[in-house]
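Comments concern the structure below.
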Protein chains: 2
Amino acid sequence: MESRYKSFRYVESLSEFIDQQVTLRGWVYNITGKGKLQFIMLRDGTGIVQCVVFKNNVGEEIFQQTKELTQESSVSITGKVVSSEKAPGGIEIDVTNLEVIHIAKEYPITPKEHGDAFLIEHRHLWLRSSRQNAIMRVRAAVMKAIRDFFDGNGFKLLDSPILTPNACEGTSTLFETKYFDLGSAYLSQSGQLYAEASALALGKVYTFGPAFRAEKSKTRKHLTEFWMVEPEMAFFDLNDDMDLAEDLVEYIVQFTLKTCKKELEVLERDIRPLEKVKRPFYRMSYTEAVEWLVSNKIPLVQKIDGKDVESEFPWGEDFGAVQEEAIMEQFDKPLIIHRYPTDIKAFYMKRDPDNPKVVLAMDMLGPEKAGEIIGGSQREDNFDLLLDRILNENLPEEEFKWYLDLRKYGSVPHSGFGLGVERVVKWITGAAHIRETIPFPRMIYRITP
Amino acid sequence: MESRYKSFRYVESLSEFIDQQVTLRGWVYNITGKGKLQFIMLRDGTGIVQCVVFKNNVGEEIFQQTKELTQESSVSITGKVVSSEKAPGGIEIDVTNLEVIHIAKEYPITPKEHGDAFLIEHRHLWLRSSRQNAIMRVRAAVMKAIRDFFDGNGFKLLDSPILTPNACEGTSTLFETKYFDLGSAYLSQSGQLYAEASALALGKVYTFGPAFRAEKSKTRKHLTEFWMVEPEMAFFDLNDDMDLAEDLVEYIVQFTLKTCKKELEVLERDIRPLEKVKRPFYRMSYTEAVEWLVSNKIPLVQKIDGKDVESEFPWGEDFGAVQEEAIMEQFDKPLIIHRYPTDIKAFYMKRDPDNPKVVLAMDMLGPEKAGEIIGGSQREDNFDLLLDRILNENLPEEEFKWYLDLRKYGSVPHSGFGLGVERVVKWITGAAHIRETIPFPRMIYRITP
């Protein structure tokens, strides 16, 4: 028996119902008209369709009700689906019946321009706009692409916990909460350490959930709550890790191009740069990148006594946005930079056996100023070397006992990486600010609605 | 070009390589032998296979190394895949080469019985056991089934935030954290209110992430951090909501049966009760359920002055495990109980127009003592009635301003529900305790590892 809930139709499926009678339910995105005609642009979340209300077809009473509709009023509309070259999208509805569900009060977001602050304060309504709707649909496609990719390649989803007892990289950038009688718990910045345990149990795993950074950063690329996928693979070395990262990013971009044509059109995204995102991507070592910066005279800029002081970019310094963007100008596809200086990378990364001054880390930078979308590494699998790094960085050995266990009982080479969902959505959609890439953004100065 | 990372094989795919030479990488689950033969049970996370090491085939040196392998030592094994009726699973490996990667120190989890506390303390290693591995694989299948179901039915994934400013149902069961200069933030118990805003923007949405309850509850069914999926649908009434809930649960159970045969075998799960989980399920109203309790003499038991006092079950009281289990004994499929007393349900639920003493709520109970796996309702869509409930419950009106907006600008009937992943995994796997259904459980007395 067909469920009643399947009885009404959605705008996105109308092309299957040409010349048939359907009932749609949605909201008035816009309404215009004169004389005996009213044109309702009806949105139902899946799309927008023009509904033509002709007085002679619906009668005096319904026509009068139609004229009183306001922006965002909710209605049920029945009519015939017709092909129409004049209508936006090529389809319109010849209305035979209209039921008003609710007349909206004066809607705050009008077609005129609104300031950023106003829009974000009205995020619960702003999501209804075509542009935000399109970004959210692309986001959903990106999330689906990620899962399909991993599920289809033998990975098992194992969620790492959000509430964690240890403060891996210091407590200054962590949200802290009281945990019953057990002291403090911290909101996870990364599920990686847990994913390592899971990978040694299940082979290939991924963890995919929210992550938290209490960083006082106000750039256009930072959220305090964001979504991250972190695959972790037993028996993968750095090269395998980079290969997998390339496969994943190609899959996400090509899947989105295929399934979100309409959304990318609404967003007026030039898709030609995205069409190029196919393997192999580019790769260079950190050392090669520094050499390039030096020979192209891209300096390091440091604030000294309040002044910007420039110097030749020194080996050992981390790249900032300036360096990354300068390097990426040469590339029309993502670039992986690998083998970073040990001192600027995390304790769990494996030293390069050929050169202990660098670790087997890799970052993937996107083209079109996308910035870093992936960070990963081969993990240190030697018990003594890992313990050394933990002690050198003054981390509490006791709290890492379980993590060290992984190097005691059948240690194996293993690797993984993290990909930030919002950065990828920002890149693919061309959104102006990262806050538009998540339904309800959390930033240092915003926790509502 | 095939990635190198695809060059080694996994146990789960061995049946495709009969009579071929493969390389496997994994851990020694068990090893036995005598004379010139050693039998390694090799686990690689995807399965376990018997590897036969015959001295004459591998030579003296490798044979000696094999004899020194301990439980959980990591190895790379090359050999021919052969069909063998005697071998567990019908396949074994005729080893031609073996490389030791790492000799495990004395592994704490031996084949003997261990206590619960010991195992949970070693969760990072316990995950390697066949039983825990199987539960995790079922969990991954359940997560995948949920997403496939919604993605395949026109729903869009829109994540609700975890960090929220308001404490809907009082702060006593919420984890609290400082949020920069904006005061306190709370970890979300449910993404529903946000999902409602998303549904009115995108039509049919679901939010799927971790949820948190700082409840001092020690039952076998409670975690402080758990995963919940919450669909929310514009224009769905309570009946649509119940239909959708049935479709979802049928899909999850049947998908798991189809894709996790091996895992359910490892768990020795009798799958016959699960095979019956097909629509339509059973339904009764709360009032009918109370009538049944009364006529079957299932009493309400209350503690009065430290003593258990029994009385006839009165209309208006919430059901406990005793009542739910008594009712469920009659049913071989899930049961939906609907239309609960207004006073025991949340403020956002819509009153039944036919009887304002009850709300359009529904809970789904699973058979085999699965307990409540779904809770949902049609939402109050009338501005005045909703405001009334908010004020009556002394909730801060200002904090619900954005939520009330949804009833101001094109309010529509809408419904949704929440399904707890771990409860479903516990039911399907038959796990003894809910802590076995999530990779790293968080309970009132446990936040490590």
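Both backbone and side-chain heavy atoms feed into the values below; hydrogens, waters and symmetry mates do not. All chains are named by letter (A, B, ...) in the order of the sequence lines, taking the proteins before the strands, and each is independently numbered beginning at 1.
- Using a 4.5 Å heavy-atom cutoff, the side chains of I162(B) and L187(A) are not in contact.
- Only the backbone of M443(B) comes within contact range of chain A, judged by heavy atoms closer than 4.5 Å.
- Taking all atoms of both residues into account, the shortest heavy-atom contact from R442(B) to P161(A) is NH2-CG, 3.2 Å.
- Between the side chain of R147(B) and the backbone N or O of D148(A) there is no donor-acceptor pair closer than 3.5 Å.
- With chain A as the partner, the residue from R407(B), M233(B), K204(B) showing the most heavy-atom pairs under 4.5 Å is K204(B).
- Here T224(A) is the residue among L406(A), L125(A), T224(A) with the most heavy-atom pairs under 4.5 Å with chain B.
- Between chain B and the options E12(A), M143(A), R128(A), heavy-atom pairs under 4.5 Å are most frequent for R128(A).
- Taken to the nearest 0.5 Å, the CD atom of E176(B) stands 13.5 Å off from the CZ atom of F175(A).
- The candidate from V412(A), L157(A), T177(A) with the greatest count of non-hydrogen atom pairs under 4.5 Å with chain B is T177(A).
- Separation of atoms NZ (K408(A)) and CD1 (I103(B)) is listed at 16.0 Å; rounding is to 0.5 Å.
- Between chain B and the residues P210(A), A141(A), S76(A), P413(A), the most heavy-atom pairs under 4.5 angstrom are made by P210(A).
- Heavy-atom pairs under 4.5 Å with chain A peak, among L163(B), L158(B), D405(B), I101(B), at L163(B).
- The candidate with the highest count of non-hydrogen atom pairs below 4.5 Å against chain A, out of V28(B), T70(B), L200(B), is L200(B).
- With rounding to the nearest 0.5 Å, the separation of CG in D159(B) from CZ in F226(A) is 13.5 Å.
- Put simply, the residue from W126(B), Y107(B), W27(B) that forms a ring-ring contact (aromatic ring centres under 6.0 Å, His included) with Y409(A) is Y107(B).
- The aromatic rings of W402(A) and F440(B) sit tilted, their planes meeting at an angle between 30° and 60°.
- With a threshold of 4.5 angstrom between heavy atoms, Q132(B) does not approach chain A through any atom at all.
- Nearest heavy-atom pair across T448(B) and P165(A) is CG2-CG, 3.6 Å.
- Contact count against chain B (heavy-atom pairs under 4.5 Å) is highest for R43(A) among H122(A), R43(A), E246(A), R123(A).
- A distance of 13.5 Å separates CZ in R139(B) from NZ in K156(A), rounded to the nearest 0.5 Å.
- Distance CD/E121(A) to NZ/K401(B): 8.5 Å, rounded to 0.5 Å.
- Scanning both residues, H124(B) and A197(A), for their nearest heavy atoms gives CB-CB, 3.9 Å.
- L202(B) and L127(A) make their closest contact through CD1-O, 4.5 Å (heavy atoms, listed as atom of the first residue, atom of the second, distance).
- If you tally non-hydrogen atom pairs under 4.5 Å between each of D44(B), D151(B), D381(B) and chain A, the highest count goes to D151(B).
- Between chain A and the residues F155(B), Y403(B), Y194(B), the most heavy-atom pairs under 4.5 angstrom are made by Y194(B).
- Proximity to chain B (any heavy atom under 4.5 Å) is restricted, for E106(A), to the backbone atoms N, CA, C and O.
- For A104(B) against G410(A), the heavy-atom pair with the smallest separation is CB-N, 3.5 Å.
- With chain B as partner, the option from G154(A), G47(A), G26(A), S73(A) having the largest number of non-hydrogen pairs under 4.5 angstrom is G26(A).
- Put simply, of P439(B), G209(B), A140(B), G203(B), the one with the most heavy-atom pairs under 4.5 Å next to chain A is P439(B).
- Only the backbone of K178(A) comes within less than 4.5 Å of a heavy atom in chain B; its side chain stays farther off.
- We find the CZ-NZ distance between F150(A) and K144(B) to be 13.5 Å, quoted to the nearest 0.5 Å.
- Across every non-hydrogen atom of E225(B) and S160(A), the tightest pair is OE2-O, 4.3 Å.
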